[in-house]
Amino acid sequence: MAVLTVKNQMFKPQDSLPSMLVYGVQDDGQTINQFNIRDYAKGAYLLLFFFPLGLKEDSEEVLKFAKSLKEFQELDCKVVGVTSESPLAIKRWMVKDHESGGFGRVLGFPMISDKDLALAMSMGVARGCGVPSRSAFIFDPRGLARYCSAHKSGIKFNTKELLRLVNAVKTSDRTGMAVPAGWKSGEIDLIPTEYSAKVAYFKRKYGSNTESEGLKKMFSDFDRDGDGL
């Protein structure tokens, strides 16, 4: 009997989506086949989330993604879930009623079976107990990670926040500008990336009386540790 040894690799924003063949249950909730996530998401944004499967509260989290699927699709973002259960177990959860702990419905997005935690380890979120950490990753159409988050099981996913983040990444890509903290859909208060335009932005935003005061305020905002560099 082979013993699973967890060896997580470091994974961070701007790293590429791993290219590997994995088995999964497709959008229809019935078809099991092998596919490459990178090929599946090519040309679109991707939200990839890992979760343990086994409790009713786990299925409730997945159902929140299913309910928000149309909103993700409107942002040209595909959704893929990853769990360490077998494809057959995932299919059983599709037909098992929600009151008994199942999904009780077809999700509408692929669910990957990562039994050997190969995908989870390649993205740094495998656990020694044999299940992945609750974690979420946002990839752009180039397959580069733009957002990475992992947390303990007691902290649940916030689908509305993930939708906001996908929209923020897409808005930054479309405009070539930086998105400020707390940005919401439709807000036009974006930060220029070109130096002179950025200086003008901060001068205007903070309402400095002189250019030197505006530059000083801008610098102090970036100089969080106060080292003057």
Grab the two heavy atoms, one from [X] and one from [Y], that are nearest each other, plus how far apart they are.
| X | Y | answer |
| --- | --- | --- |
| N36 | R38 | OD1-N, 2.9 Å |
| M121 | V6 | SD-CA, 3.6 Å |
| L144 | S16 | CD2-OG, 3.6 Å |
| Q30 | K91 | O-NZ, 3.2 Å |
| G143 | F139 | O-CD2, 3.6 Å |
| I90 | F103 | O-CE1, 4.5 Å |

Taking [Y]'s backbone N and O only, do any of them form a donor-acceptor pair with [X]'s side chain (distance below 3.5 Å, no angle check)?
| X | Y | value |
| --- | --- | --- |
| S113 | E85 | yes |
| S122 | L119 | yes |
| D15 | K12 | yes |
| R164 | S185 | no |
| D114 | A120 | yes |
| R127 | S133 | no |
| S68 | K64 | yes |
| N8 | A126 | yes |
| E161 | N158 | no |

Are [X] and [Y] in one and the same hydrophobic cluster, where Ile, Leu, Val, Met, Phe, Trp and Tyr link if side-chain heavy atoms are under 4.5 Å apart?
| X | Y | value |
| --- | --- | --- |
| F157 | L47 | yes |
| F72 | L165 | yes |
| V131 | F50 | no |
| V166 | F65 | yes |
| I32 | V106 | no |

Less than 4.5 Å apart, any side-chain heavy atom of [X] and any of [Y]?
| X | Y | value |
| --- | --- | --- |
| M111 | V80 | no |
| I37 | L46 | yes |
| P141 | Y45 | yes |
| K115 | S84 | no |
| L163 | L75 | yes |
| P52 | R134 | yes |
| F49 | V82 | no |
| N33 | Y23 | no |

In Å and rounded to the nearest 0.5 Å, what is the [atom1] to [atom2] distance from [X] to [Y]?
| X | Y | atom1 | atom2 | value |
| --- | --- | --- | --- | --- |
| I138 | C77 | CD1 | SG | 7.0 Å |
| S172 | M177 | OG | CE | 9.5 Å |
| E71 | L162 | CD | CG | 12.0 Å |
| R174 | T171 | CZ | OG1 | 4.5 Å |
| N167 | E74 | CG | CD | 10.5 Å |

Problem set entry | Residues L107, L63; criterion side-chain contact (heavy atoms from CB on, under 4.5 Å); working and verdict | CA-CA 7 Å; L107 299 174; L63 287 172; 4.1 Å; yes
Problem set entry | Steps toward side-chain contact (heavy atoms from CB on, under 4.5 Å) verdict (L48, L17) | CA-CA 10 Å; L48 186 70; L17 175 64; 4.2 Å; yes
Exercise. Could you go step by step and tell me if S59 and E61 meet the side-chain contact (heavy atoms from CB on, under 4.5 Å) rule?
Worked result: CA-CA 5 Å; S59 66; E61 279 201 284; over 6 Å; no
Exercise. Taking everything shown except K160 itself, do over 12 heavy atoms lie less than 6.0 Å from its NZ?
Worked result: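 Atom NZ in K160 is not packed in, count stays at 12 or less.
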Exercise. Is the NZ or CZ atom of K78 both under 6.0 Å from the centre of the six-membered ring of F109 and within 45° of that ring's axis?
Worked result: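 Output no; distance or angle outside limits.
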Exercise. Run the salt bridge (charged side-chain N to carboxylate O under 4.0 Å, His left out) check on D173 and R146 step by step: do they pass?
Worked result: CA-CA 11 Å; D173 289 345; R146 303 291 292 279; 2.9 Å; yes
Exercise. Does a side-chain N-to-carboxylate-O contact under 4.0 Å join E60 and K67?
Worked result: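 K67 and E60: not salt-bridged.
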For this session: I would like to know whether V79 and L69 meet side-chain contact (heavy atoms from CB on, under 4.5 Å); could you show each step before the answer?
Result: CA-CA 7 Å; V79 176; L69 183 59; 3.9 Å; yes
